[in-house]
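Data first, discussion second: the structure below is written as structure tokens.
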Amino acid sequence: MRPIYLCGFMGCGKTTAGKLLAEKLGCGFYDMDDYITEKEKMEIPRIFAEKGEKYFREAETEAIRELAEKSGVIACGGGAMLKKENAAIASAAGTVVYIDVPFETCYSRISGDKNRPIVMNNTKEELEIIYDGRAPVYSGNAALTISGSGSPEEIADRIISAVN
């Protein structure tokens with residue numbers, strides 16, 4: 001099975017629906033942020049603080065490249081598909097699926113999350129501007145766009161139907 005890369009804004013359900021999707025498909029699940037945290041031996045806020053966002057984005061590219069060798073579901077970080085190189089690697093290796101969820105839903109899930117430097121360093125209004133800028137990039141880099149409404153189970157089923 002070729003990898004399925006899940007992309008979308010923070011809080012859209014990539015990890016939650018992705019775990020269910022992997023379970024239903026009987027394959028591995030990889031959370032890119034966890035993968036980077038493990039590899040770097042430090043949490044994402046610390047990577048941002050000590051090494052900078054640019055370093056973190058390079059670590060994402062390396063992770064996408066390494067995970068392209070895996071068979072399974074990969075939950076990308078919210079910013080991973082913004083880089084053309086990352087989108088090209090993921091598209092060549094597998095299928096990129098954009099989970100489209102309204103900003104208000106994402107915001108209700110991520111608000112106050114101290115493990116998300118971008119959330120902690122921006123107001124709700126600023127996050128909405130970021131969301132509005134990213135949405136067309138996600139849809140432009142994805143082979144499939146899936147509605148993120150409903151339960152994680154419904155999202156996983158929708159992805160299975162679309163990929164098949």
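Note that the structure is a prediction, hence the values are computed from the model and not measured. We use all heavy atoms of the structure for the numbers below, so side chains are in, but hydrogens, waters and symmetry mates are not.
The backbone N or O of A80 lies less than 3.5 Å from a partner atom in the side chain of N86, making a donor-acceptor pair. Remark: the backbone N or O of Y107 is not paired with any side-chain donor or acceptor of K124 at under 3.5 angstrom. Checked by atom type and distance alone, the side chain of Y5 never pairs as donor or acceptor with a backbone atom of A93 at under 3.5 Å. Of the possible donor and acceptor atoms, none in the side chain of T145 sits under 3.5 Å from a partner among the backbone N and O of Y98. Judged by distance alone, the side chain of S111 and the main-chain N or O of S108 form no donor-acceptor pair under 3.5 Å. N141 contributes no side-chain N or O that, together with a main-chain N or O of A87, makes up a donor-acceptor pair within less than 3.5 Å.
For the pair D31 and K14, the minimum side-chain heavy-atom distance is 4.5 Å or more. Two residues are said to be in side-chain contact when any heavy atoms from C-beta on lie closer than 4.5 Å; T15 and D33 fail this criterion. Between R134 and M81, every side-chain heavy-atom pair lies at or beyond the 4.5 Å cut-off. Taking 4.5 Å as the limit, some side-chain heavy atom of E154 sits within range of a side-chain heavy atom of S151.
A156 approaches L20 most closely through the heavy-atom pair CB-CB, 4.1 Å. M32 and A63 make their closest contact through CG-CB, 3.9 Å (heavy atoms, listed as atom of the first residue, atom of the second, distance). Pairing each heavy atom of T95 with each of A143, the nearest pair is CG2-CB, 4.1 Å. Of all heavy-atom pairs spanning A22 and G28, the tightest one is CB-O, 3.6 Å. L6 and G18 get closest at one heavy-atom pair: CD1-CA, 3.5 Å. In this structure, P3 and A68 approach most closely via the heavy-atom pair CG-O, 3.8 Å.
The distance from the CZ atom of R46 to the NZ atom of K51 is 8.5 Å, given to the nearest 0.5 Å. For the atom pair CG of N121 and CG of L127, the computed distance is 9.5 Å after rounding to the nearest 0.5 Å. Between T37 atom OG1 and E40 atom CD the span is 8.5 Å, to the nearest 0.5 Å. Expressed to the nearest 0.5 Å, how far CD1 of I36 lies from CD of E43 amounts to 12.0 Å. The CD1 atom of I130 sits 6.0 Å away from the CD1 atom of I118 when rounded to the nearest 0.5 Å.
I110 is not connected to V101 by any chain of hydrophobic side-chain contacts under 4.5 Å among Ile, Leu, Val, Met, Phe, Trp and Tyr, and they are in different clusters. Connection of I89 to V73 is not established within any shared hydrophobic cluster, with ILVMFWY side chains joined at heavy-atom distances below 4.5 Å, either directly or through further cluster members. Placement of I155 and F29 within a single hydrophobic cluster is found when ILVMFWY residues are connected by side-chain heavy-atom separations under 4.5 Å, directly or transitively. Taking hydrophobic clusters as Ile, Leu, Val, Met, Phe, Trp and Tyr residues chained together by side-chain heavy-atom distances below 4.5 Å, L82 shares a cluster with V119. Note on I4: it clusters hydrophobically with I160, by side-chain heavy-atom contacts below 4.5 Å among ILVMFWY residues.
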Next on the checklist: Under the criterion side chain to side chain contact (heavy atoms under 4.5 Å, CB included), I'd like the reasoning laid out for S149 against R158: C-alpha separation, chi angles, the key distance, then a yes or no.
Outcome noted: CA-CA 10 Å; S149 65; R158 237 178 259 132; 4.2 Å; yes
Next on the checklist: Applying side chain to side chain contact (heavy atoms under 4.5 Å, CB included) to M10 and R109, what does each step give before you reach the verdict?
Outcome noted: CA-CA 8 Å; M10 299 171 282; R109 295 174 182 167; over 6 Å; no
Checklist entry - Does the pair I159 and L144 meet the rule for a side chain to side chain contact (heavy atoms under 4.5 Å, CB included), with working shown? => result CA-CA 9 Å; I159 295 169; L144 302 164; over 6 Å; no
Item to check | Residue pair D100, Y138: steps toward the side chain to side chain contact (heavy atoms under 4.5 Å, CB included) verdict | outcome: CA-CA 9 Å; D100 186 13; Y138 294 142; over 6 Å; no
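Ring geometry, Y131 versus F103: the interplanar angle exceeds 60°, so the pair is classed perpendicular (tilted spans 30 to 60°).
Under the 6.0 Å cut-off for aromatic ring centres, Y30 and Y35 do not qualify, their centroids lying 6.0 Å or more apart.
A 6.0 Å sphere centred on NZ of K83 holds more than 12 heavy atoms belonging to other residues, nucleotides or ligands. Around CD of E50, the count of heavy atoms belonging to other residues, nucleotides or ligands within 6.0 Å exceeds 12.
The list of salt bridge (charged side-chain N to carboxylate O under 4.0 Å, His left out) pairs with a residue in residues 60-79, not counting sequence neighbours, reads K39-E62, K39-E66, R57-E60, R65-E85.
Between K54 and E58 a salt bridge is recorded (basic side-chain N to carboxylate O distance below 4.0 Å).
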